[in-house]
Number of protein chains: 2
Amino acid sequence: MKTSQEFRQQKISELARACRENGLPLTPQRQTVLEALAGRSDHPSADELFDEVKDRLRGISRATVYRVLETLVRLGVARRISTSEARARFDAHCGRHHHVQCARCGKVEDLHDLPLDDLMPENTFQGGFRLLDYSVQFSGLCTDCQDRP
Amino acid sequence: MKTSQEFRQQKISELARACRENGLPLTPQRQTVLEALAGRSDHPSADELFDEVKDRLRGISRATVYRVLETLVRLGVARRISTSEARARFDAHCGRHHHVQCARCGKVEDLHDLPLDDLMPENTFQGGFRLLDYSVQFSGLCTDCQDRP
DNA sequence: GTTAATGCAAAGCATTTGCACACGT
DNA sequence: ACGTGTGCAAATGCTTTGCATTAAC
């Protein structure tokens, strides 16, 4: 298991390389947002990240966080995850992995150790789409919500 | 394969039963929204449904469509699907099935005929969650978007 | 008659955009 | 210097809420 510290440093390296290769400036805003995202495992929304980052980087604006996240996704160093909520959530883990979302409170967590990493069909053309990747979304009840009816 | 007509009628029956069992009134708004949802396969958002329904039911308000959708989900006759967009989309098909979302334009379609319906793990307790159901989300490129780089 | 749903309008979040200025390369 | 990013504030989009009225059972 990779420590959070190592993971954050790895992501910053990825970002530096991606910026260099695409001729984009490596700004402190981009670094800080990615570092904050890499440091959490709860798949935060843009606003939640802004709340965390605004203390570390005086004067950063909400709009910048939104723009930076879009850029990070485009550069392939972060991803936008699917949830059933009406807002975007982000994840610095770009490899294939799976999620559970609590049907009651909406909390999202990663799921490991399930044999779900070999589901890509032979024929990647299905229903007109060219399939590129996938993720399994479980719904369930989290510890807190299991007790309440 | 079930015709769209049959499917819509089946959903209306489900709704009638669910309302009766829960002591809720069966309103024309609920019927019309569910019927509209059942008639499409593109997983519309609340606003898209409102656009369709406002012609059929004079005077229905946007807020009602939002409230009705919430009720339909709670009654188990519709579901909110997961996408990477910042708005909710809905589906009248409540059985287990899977989706592809175009990574470029966001279009969502159902995926059939893939052997993905037996992925529920033996142990339904994972990472503190009690797993209830799942759906596989593929990302890919739709026909239209495959051509453009 | 009772209880809950609807319509309207306003409020509340989430996200995007235009523009002047500042910054990374 | 150049091109892009950022901050600010306003605009836009999506969703929820309060309240008086209407409708379903």
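All values reported here derive from a predicted model rather than from experimental measurement. Proteins come first, then strands; the chains are lettered A, B, ... in the order of their sequence lines, and each starts at number 1.
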Within the 3.5 Å criterion, strictly below it, is a donor on B/Glu85 or B/Gln101 matched to an acceptor on the partner's side chain? yes
Knowing that exactly one of B/Val108, B/Val136, B/Leu111 qualifies, which makes a side chain to side chain contact (heavy atoms under 4.5 Å, CB included) with B/His99? B/Val108
Using a 4.0 Å cut-off to any heavy atom of chain B, which nucleotides of DNA chain D are the first and last in contact, reading 5' to 3'? D/dC14 to D/dC25
Answer with yes or no whether the side chains of A/Tyr134 and A/Asp117 bring together a donor and an acceptor at under 3.5 Å. no
Within residues 49-80 of chain B, the residues having a heavy atom closer than 4.0 Å to DNA chain C are B/Gly59, B/Ile60, B/Ser61, B/Ala63, B/Thr64, B/Arg67, B/Val68
Does A/Arg40 have more than 12 heavy atoms from other residues, nucleotides or ligands lying within 6.0 Å of its CZ? yes
Using the side chain to side chain contact (heavy atoms under 4.5 Å, CB included) definition, which of the options A/Thr27, A/Leu72, A/Leu57 pairs with A/Val33? A/Leu72
Whole Å only: how far is the CG atom of A/Asp47 from the P atom of C/dT16? 11 Å
Would you indicate whether the side-chain heavy atoms of A/Ser82 and A/Gln137 approach each other to under 4.5 Å? yes
For residues B/Arg87 and B/Asp47, determine if any side-chain heavy atom of one lies less than 4.5 Å from a side-chain heavy atom of the other. no
Audit row: A/Arg79, A/Asp133, salt bridge (Lys or Arg N to Asp or Glu O under 4.0 Å) steps and yes/no: CA-CA 12 Å; A/Arg79 63 159 61 171; A/Asp133 196 9; 3.4 Å; yes
Regarding A/Gln10 and A/Glu6, is there a side-chain donor-to-acceptor distance under 3.5 Å anywhere? no
Report yes or no: do A/Val100 and A/Phe90 belong to one cluster of Ile/Leu/Val/Met/Phe/Trp/Tyr joined by side chain heavy-atom distances under 4.5 Å? no
For the pair made of CG in B/Leu15 and C1' in C/dA5, what is the distance, rounded to whole Å? 13 Å
Can you sort out which residues in residues 25-39 of chain B have a heavy atom within less than 4.0 Å of DNA chain C? Ascending by number, please. B/Pro25, B/Thr27, B/Gln29, B/Arg30
